[in-house]
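Encoded as structure tokens, the structure appears first; notes follow it.
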Amino acid sequence: MGTPSDMKLIDENGRRLDGRGDEELRPIRITTDVLQRADGSVLMEWGGNKIMVAVYGPREAYPKHTQDIEKAVIKARYNMAAFSVDERKRPGPDRRSTEISKVISEALSAAVMVEKFPRTQIDVFIEVLQADAGTRIASLTAASVAIAAAGIPMRDMVVGCAVGKVEGRIVLDLSKDEDNFGQADVPMAVLSKGKEVVLLQMDGDLTMEEFDMATSMVLNASERIAEIQRNALVEKYKGENYPEIEGSEE
Ligand code: UDP
């Protein structure tokens, strides 16, 4: 990493390139039930990111040797569309998407009650339609809502955010230029109630103090993001009619 000499990432008033303060998130919008054939689906808009998630299952795991007799296997597949970035991305899987699929699958497995569905798989298809930094975290945060929208039991929601270092300052939710030219990039995700860390990656360098500050910024932000997740699910169920439960009337 390293900043090209003509690229100022923080202006003279201490504002970031897009006008945000250090702990300010980009706008986040989560819409559920955007695909008819999926058991659960979400459109995640996070800053300039646009990501579609479709969840299917639990269904019998196939091929059979992938079955786990004790629990469901979560198979997340992260894919970036060729047109999602400035410089056309070569279509198909590559090392980056394989790695991201793996870390997302593992993070989701910590939140889903996989032990209730032995021998099954839960497919999570993630299509990045427009990428603008932080896609792995936005995908994971969206996938958690899509799984809940599919009615799959979960012990907690996964919520994440990237944090990093730009011109010596710790800033939340890196933009594309901050991600490319900053001094550190740390995507992180936690279980929203339990506050267990389920994804943590890093490139660049931070002192231990900076690292502590970065993680507490993510923990604070995770509460704001979890609320957006909850609101998306409340919105989904609001319009639906449920049978009257006897004695429930006031
Ligand atoms: N990116 C790109 N081409 C690629 C991969 C990534 O232009 O082949 C961009 C994209 O905007 C992505 C950003 O670089 O969001 C940062 O990528 P990174 O690997 O750090 O993952 P992310 O931050 O999206 O989780």
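Whatever order the structure lists them in is the order used to number ligands and atoms, beginning at 1. Sequence positions, counted from 1, serve as the residue numbers for this chain.
Salt bridge Lys102/Glu106: present, at least one basic N to carboxylate O contact under 4.0 Å. Between Arg16 and Asp11 there is no salt bridge, since no side-chain N of the basic residue sits under 4.0 Å from a carboxylate O of the acidic one.
Counting heavy atoms under 4.0 Å from ligand 1, residue Thr135 touches it through both backbone and side chain. Contact annotation for Glu87 and ligand 1: no heavy atom of the residue comes within less than 4.0 Å of the ligand. Looking at Asp132 against ligand 1, only its backbone comes within 4.0 Å, counting heavy atoms.
The heavy atom nearest to atom 9 (C) of ligand 1, considering only Arg88, Arg90, Lys176, Lys89, is found in Lys176.
Distance from atom 15 (O) of ligand 1 to its nearest protein heavy atom, with residue and atom name: Ala133 N, 2.8 Å. The protein atom (non-hydrogen) at minimum distance from atom 16 (C) of ligand 1 is Asp179 OD2, 3.5 Å. Among protein heavy atoms, atom 4 (C) of ligand 1 sits closest to Met80 SD, 4.2 Å. Closest to atom 17 (O) of ligand 1, if we only count protein heavy atoms, is Arg96 NH2, 3.5 Å.
Residues Asp173 and Trp46 have side chains that bring a donor and an acceptor to within less than 3.5 angstrom of each other. Defined by atom type and a distance below 3.5 Å, a donor-acceptor pair is present between the side-chain atoms of Asp156 and Ser192. Under the 3.5 Å distance criterion, with hydrogens and angles disregarded, no donor-acceptor pair is assigned to the side chains of Ser84 and Lys50.
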Apply side-chain contact (heavy atoms from CB on, under 4.5 Å) to residues Leu25 and Arg224 and explain how you reach the verdict. CA-CA 9 Å; Leu25 292 166; Arg224 284 176 270 158; 3.9 Å; yes

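Each of the atoms 20 (O) of ligand 1 lies under 4.0 Å from some heavy atom of Asp185. Below 4.0 Å from some heavy atom of Val85 lie the following atoms of ligand 1, by number and element: 1 (N), 2 (C), 3 (N), 7 (O), 10 (C).
For the side chain to side chain donor-acceptor pair (under 3.5 Å) test, residues two or more places apart in sequence or in another chain that qualify with Asp18 are Arg20. Checked against side chain to side chain donor-acceptor pair (under 3.5 Å), Lys176 has no partners two or more places apart in sequence or in another chain.
In this structure, Gly134 is part of the shell of residues with a heavy atom less than 4.0 angstrom from ligand 1.
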